[in-house]
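Notes to accompany the following structure.
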Amino acid sequence: MNLKIVEKMSARLGLLACGVVMMCGCTAEIGRKPFESDVKCLREQMGTTMQLSFPIAANTCQRMSDHNFVFSKNHKHPQPLPLKLRGAPDLQKMADEYGYSYTK
């Protein structure tokens, strides 16, 4: 009888933990959301209540050549991909100022 209660409790706690992790993935402070453009990511990161600087926001939003996978075939030498800043001259100016590579 006690074993069934423990099994149900651990299953519920596991579901609760998964739900919390999934909900935290939607906040702007954690990082880049799937299928989000570089411009939108930078604007969200710099526009949060924390008012991040361009270098910190760019490091959060910049993609890597290994697609940010922990286990990949090229995990020892991933390279940052240029930011895609088409249609955002203000962000292009900041990227030039701080030395970040980007494509127009």
Side-chain angles (χ1 to χ4, degrees):
M1 181 78 175
N2 285 339
L3 184 59
K4 289 182 182 179
I5 293 172
V6 171
E7 287 176 0
K8 287 181 182 180
M9 182 74 103
S10 63
R12 288 180 182 160
L13 287 174
L15 286 173
L16 179 65
C18 288
V20 168
V21 168
M22 290 177 71
M23 288 180 68
C24 289
C26 296
T27 61
E29 288 83 11
I30 288 181
R32 186 182 194 108
K33 297 174 191 163
F35 307 110
E36 186 175 48
S37 70
D38 291 339
V39 174
K40 184 176 180 185
C41 180
L42 283 168
R43 294 207 191 279
E44 280 187 5
Q45 291 295 318
M46 293 170 63
T48 60
T49 56
M50 295 174 15
Q51 297 291 320
L52 296 179
S53 65
F54 181 82
I56 294 173
N59 288 341
T60 303
C61 295
Q62 196 164 31
R63 295 177 191 232
M64 300 298 282
S65 61
D66 65 350
H67 304 290
N68 293 335
F69 287 129
V70 175
F71 300 108
S72 67
K73 63 182 180 180
N74 193 17
H75 70 280
K76 291 184 180 178
H77 305 290
Q79 300 295 321
L81 299 175
L83 293 165
K84 295 178 184 174
L85 301 179
R86 183 177 184 199
D90 57 332
L91 294 176
Q92 291 174 5
K93 183 179 177 185
M94 286 185 210
D96 284 335
E97 182 179 333
Y98 290 104
Y100 281 85
S101 62
Y102 64 93
T103 57
K104 293 181 181 183

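Listed by first then second residue, pairs satisfying salt bridge (Lys or Arg N to Asp or Glu O under 4.0 Å) with a partner in residues 79-95 read R43-D90, not counting sequence neighbours. Applying the salt bridge (Lys or Arg N to Asp or Glu O under 4.0 Å) test to pairs two or more places apart or on separate chains, none has a residue in residues 95-104.
Interatomic distance, CG of L83 versus CG of L42, reported as 6.0 Å (0.5 Å rounding). Interatomic distance, SG of C61 versus CD of E44, reported as 8.5 Å (0.5 Å rounding). Interatomic distance, D38 CG to Y102 OH, rounded to the nearest 0.5 Å: 13.5 Å. The structure places CD of Q45 at 5.5 Å from CG of L52, a figure rounded to the nearest 0.5 Å.
The side-chain contact (heavy atoms from CB on, under 4.5 Å) test applied to S53 returns P55, I56, not counting sequence neighbours. Every ring-ring contact (aromatic ring centres under 6.0 Å, His included) that Y100 has, sequence neighbours left out, goes to F54.
E36 and C41 make their closest contact through OE1-CB, 3.5 Å (heavy atoms, listed as atom of the first residue, atom of the second, distance).
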